[in-house]
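Convention: sequence-line order gives letters A, B, ...; per-chain numbering from 1.
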There are 2 protein chains.
Amino acid sequence: MANIKDVAERAGVSTATVSRVLNGRSPVAETRARVLAAVEELGYRPNVVARALRTARTRTLGLVVSDLRNPFFTELADAVEQEARRLGYSLIIGNAGESPEQQDDYIRTLLDRRIDGLMVSSAGTGSPMLSEAVDAGTPLVLLDRAVPGVAAPCVRAEGGAALTELAAHLAALGRRRPAVIVAPAGTPTGDERLARFRTALAAHGVALPPGRVGASPDPSPAGGRQVMRRLLEAAEPPDAVLATDNLMALGALDELRARGLRVPADMALVAFDDVPWFAHLDPPLTAVAQPTGALGRAAVHTLLERIAGRPAGSVLLPARLVRRRSCGE
Amino acid sequence: MANIKDVAERAGVSTATVSRVLNGRSPVAETRARVLAAVEELGYRPNVVARALRTARTRTLGLVVSDLRNPFFTELADAVEQEARRLGYSLIIGNAGESPEQQDDYIRTLLDRRIDGLMVSSAGTGSPMLSEAVDAGTPLVLLDRAVPGVAAPCVRAEGGAALTELAAHLAALGRRRPAVIVAPAGTPTGDERLARFRTALAAHGVALPPGRVGASPDPSPAGGRQVMRRLLEAAEPPDAVLATDNLMALGALDELRARGLRVPADMALVAFDDVPWFAHLDPPLTAVAQPTGALGRAAVHTLLERIAGRPAGSVLLPARLVRRRSCGE
DNA sequence: CCGATCCGTGCAATCGATTTCCTGTGGGCG
DNA sequence: CGCCCACAGGAAATCGATTGCACGGATCGG
């Protein structure tokens, strides 16, 4: 493969000139034309690796998500990738599989590759590697999940308005005994959603007692199903369920079907995160939709600000309620 | 960040020695210990960019898929990523979004980044960039979709056995008027699946006339739904439908529900590609499951063989039928 | 006891770009 | 007409690693 020296020889100039022409720092028409012609003839493409070594910038970003197979993260990763590419950056996606060690391992690899910046949808509570990355000076943006104690801007959705609307929706439909299925305790995201929902319900005089809040051991259909079972076997079973993750909602639905319960007649069901196939379920699922695309784009923009050395604050984007038929009406 | 020179100084040796210790070419205990201690104290990590420049190997692979949001490709990408990482390689995933230009654009970027090898689930029929990559000497492996005229091994699933089994399954359940929804014509994958299925049906004395084969403009729920509608409005509507892609199956299901038709009572439904949430639909969908994980791993192995300069042939892995309730029984 | 061999290590070249410093030329102005 | 300045472009340093070659000390055999 041709290198810059070949081009320089062919154009009868020095490598310095070739570099300048290619980086737009040489407005002399004639030399410029000769160089470009040589580039064309040789099919020359600059060696990105060499350039990265010299400039100490790789034009590559890293994204670590906790579960790439979860459609919410797939969509998020896709949005991030598109925006990054649009702005001239490549993206390396890492899948931590909900394991903190694997997450750290991945962050390590990305730092070794000298990525220009890092986005993380952290698994569990903060990991040592995150702080280390910040200390090492790597621009970092937290995505979807805040991590206490890590000094980095966070881009995520805020469900307050949507949950307020949901509470009203449920109350209007006469649901009096709502329940919530949350992801493993300790994740700020789940806790916050729960608190918001409880407040919103209270405004309609509806209580959300601890007995109707179930924590799933892991955010999977199996976990969701298990919690649903416990909720149904309680003394006062719920007449509406909110799952704070799309996969857990799916598991809850399985349990309901297995028991011959109908949605929405016997039970209203709502999921946090709207994923494409919710609309194709029977009945179509009402969901709190996060603005996935906007989140991804905002994360990239925030990260680029940090890379440019400018300060950048956290971003909160409103989620919205998508009413389908799983609550009645 | 500390570099190899800092380590060398601290350990009182030359950079050459540091390099050799770190690459396991210097078994002298004492020097070795001093170097490793210095590495430890300084928190030194080799600069992957510099190493890549010198060795002309990036230890990075590229994967271009046609639609990352399609759960089949998500799973495939995840499998490829895990296997690549296990073997010490990073992966850059590119999403071509079913557009040949974007695909070429991406391949271009990946080649510029000097990836060691490339895997492609090509959109549409072959693109010029693919041949160019091969000519440039970049190891290439085609994944899931073969591309005529491109000299590269192809790793994909072979549905013959599963479709034979499916034909028998449908025949046993008394379905006599099967139909097929295929992806846009011209893709070898769809055509091959169609041909295999037709052959298998013939063995049971069941015909698959052209009128009961519908090509969708694009592999999406909307496309699948549109074809389903046409099939239902035909003179002799089918009593069973096979969709050659999971998203199109979803669209077909929508159309059936909208018309109040029941699955499987009024219509059997089968999808090619088994995706996790098929099991959570009502009824759970029978599907031809591709061995996604094995495909991804085989692709990585084949690619590494090529990178090592060894010849590697194509790989065909058998798909299998996953019987659920959407065909009756 | 001396020469030959072996092996650990250092020196310096190298990968392919960018960038700094410097030279030489041409043009404008006094 | 001469001087100075601007500017184009070349030579060489640089980024951080790997690696071929050479050197020197130690070991072993004759």
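- Under a 4.0 Å N-O distance rule, the pair Glu305(A)/Arg310(A) qualifies as a salt bridge.
- For Thr17(A) and dG9(D), the shortest distance from a side-chain N or O to OP1 or OP2 is not below 4.0 Å.
- In this entry the distance linking CG of Asn23(B) with C1' of dT19(D) reads 10 Å, nearest Å.
- Looking at Arg45(B), Arg59(B), Arg51(B) one by one, the single match for salt bridge (charged side-chain N to carboxylate O under 4.0 Å, His left out) with Asp112(A) turns out to be Arg45(B).
- Atom-to-atom, CE of Met1(A) to C1' of dA17(C) comes out at 15 Å; the value is rounded to the nearest Å.
- Less than 4.0 Å separates DNA chain C from at least one heavy atom of each of the following residues of residues 38-47 of chain A: Tyr44(A), Arg45(A), Pro46(A), Asn47(A).
- Residue Val13(B) is in sugar-phosphate contact alone, with no base atom involved, counting any heavy-atom pair closer than 4.0 Å across all strands shown.
- Residues Arg113(B) and Val49(A) form no side-chain contact, since every pair of their non-hydrogen atoms from C-beta on lies 4.5 Å or further apart.
- Side chains of Ser121(B) and Asp144(B): a donor-acceptor N/O pair is absent below 3.5 angstrom, by distance only.
- Distance CD (Glu9(A)) to C1' (dG16(C)): 14 Å, rounded to an integer number of Å.
- Over its full length, the helix from dC1(C)-dG30(D) to dG30(C)-dC1(D) turns its helical axis through 50°, comparing axes from the five pairs at each end and rounding to 10°.
- The phosphate of dA8(D) has neither OP1 nor OP2 within less than 4.0 Å of any side-chain N or O from Thr31(A).
- Salt-bridge formation is detected for the pair Arg69(A)/Asp78(B): a Lys NZ or Arg NE/NH1/NH2 atom is positioned less than 4.0 Å from an Asp or Glu carboxylate oxygen.
- Protein atom CZ of Arg34(B) is 8 Å distant from nucleotide atom P of dT9(C), rounded to whole Å.
- A salt bridge is absent between Lys5(A) and Glu9(A): the closest approach of a Lys/Arg side-chain nitrogen to an acidic carboxylate oxygen does not fall below 4.0 angstrom.
- Rounded to an integer number of Å, the gap from Leu22(B) CG to dG16(D) C1' is 13 Å.
- Closest to the side chain of Ala16(B), out of dT18(C), dT19(D), dC21(C), is dT19(D).
- In the set dG16(D), dC11(C), dA17(C), the nucleotide with an atom closest to the side chain of Ile4(B) is dG16(D).
- Glu30(B) has its CD atom 13 Å from the C1' atom of dT9(C), to the nearest Å.
- Between Asn3(A) and dC15(C) there is no side-chain polar atom (N or O) within less than 4.0 angstrom of OP1 or OP2.
- Residues from residues 53-61 of chain B with heavy atoms under 4.0 angstrom of DNA chain C, sorted by number: Leu53(B), Arg54(B).
- Side chain to side chain, Ser66(B) and Arg145(B) meet the donor-acceptor criterion of an N or O pair below 3.5 Å.
- Remark: C1' of dG16(C) and CG of Asp6(A) are 11 Å apart, rounded to the nearest angstrom.
- Closest heavy-atom contact between Leu140(A) and Pro153(A): O-CD, 3.6 Å.
- Atom NZ in Lys5(B) sits roughly 7 Å away from atom P in dC15(D) (whole-Å rounding).
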